[in-house]
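The model shown is predicted, which means the values in this text are computed figures rather than measured ones.
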Amino acid sequence: HCFVQYSLLGQEPERIGDRDLSDYPYDLFEAKDAYCQLGNSTPTDWSRFAEAIGRPDLGEDPAYKTSVQRWERINELHDIVQDWASKHTRKEIETIFSEYGQLYAPVLKISEVLEDEQILFREMVVDMEYEGMGKYKDKGIPVKMSETPGQIRMMPPHLGEHTDEIVAGLGYTAEQIGALRAEGTVR
């Protein structure tokens, strides 16, 4: 949306967070236990979303009929949905939104990301070990190619680890490198 808005209209888009300009509600909400992204699945008819949050009256209200009208009342509508979401866990919301065919996605905590079945299957979290730090988890390679799969082959060097090799490659002798090191020019 931002590229289209700028390239067609020459307008610099304002920041709207996780909201979607094409329809509302499509936003981030805080459930009892954590955040989740909720969205209306059909911009032309939001009555199923209204039913899902226990407010079928809003789906029939002419003041909320179109996306434009809902955007005009975005703060009011956000508060209504937020009030509803705060009374349910993410799992409860997922079940309800699945039943009503509405858009739902949990916003995972880091602890959940590190245990997520799909993330682990895609090797998006990998076990690493770094001298001086020990074992830890880090991001994996995001692009998976069948012929040339990516991999982390080495860790970043420690400060000064390759100084001699690099400076010698520039033509300096071991004695000159020693002098540079003594002066504090290199490590």
Less than 3.5 Å apart, which donor and acceptor atoms pair up between the side chains of residues 32-39 and the rest of the protein, not counting sequence neighbours?
unit_1 : atom_1 : unit_2 : atom_2 : d
Asp33  : OD1    : Arg90  : N      : 2.9
Tyr35  : OH     : Glu30  : OE1    : 3.3
Gln37  : NE2    : Asp18  : O      : 3.1
Gln37  : NE2    : Asp27  : O      : 3.4

Are Glu92 and Thr95 linked by a side-chain donor-acceptor pair shorter than 3.5 Å?
no
Would you say the side chains of Thr173 and Glu175 form a donor-acceptor pair under 3.5 Å?
no
Sub-3.5 Å donor-acceptor pair from the side chain of Arg73 to the main-chain atoms of Ala63, do we have one?
yes
Is a side-chain donor or acceptor of Arg70 paired with a backbone partner of Tyr64 at a separation under 3.5 angstrom?
yes
Looking only at non-hydrogen atoms, find the nearest pair between Ile152 and Val126 and report the distance.
CD1-CG2, 4.1 Å
Applying side-chain contact (heavy atoms from CB on, under 4.5 Å) to Tyr24 and Asn40, what does each step give before you reach the verdict?
CA-CA 7 Å; Tyr24 199 82; Asn40 179 28; over 6 Å; no
Give a yes or no on whether the backbone of Arg187 and the side-chain of Arg181 come within a donor-acceptor separation of less than 3.5 Å.
yes
If you take all heavy atoms of Thr66 and Gln69, which pair is closest and at what distance?
N-OE1, 2.8 Å
What pairs meet the side-chain hydrogen bond (donor to acceptor under 3.5 Å, both in side chains) rule with one or both residues in residues 96-109, with sequence neighbours excluded?
Ser41-Gln102
So the side-chain hydrogen bond (donor to acceptor under 3.5 Å, both in side chains) pairs with at least one residue in residues 137-162 (sequence neighbours excluded) are Asp127-Lys137
Just so I know, are the side chains of Leu58 and Trp46 near enough to count as touching, which here means a heavy-atom distance under 4.5 Å?
yes
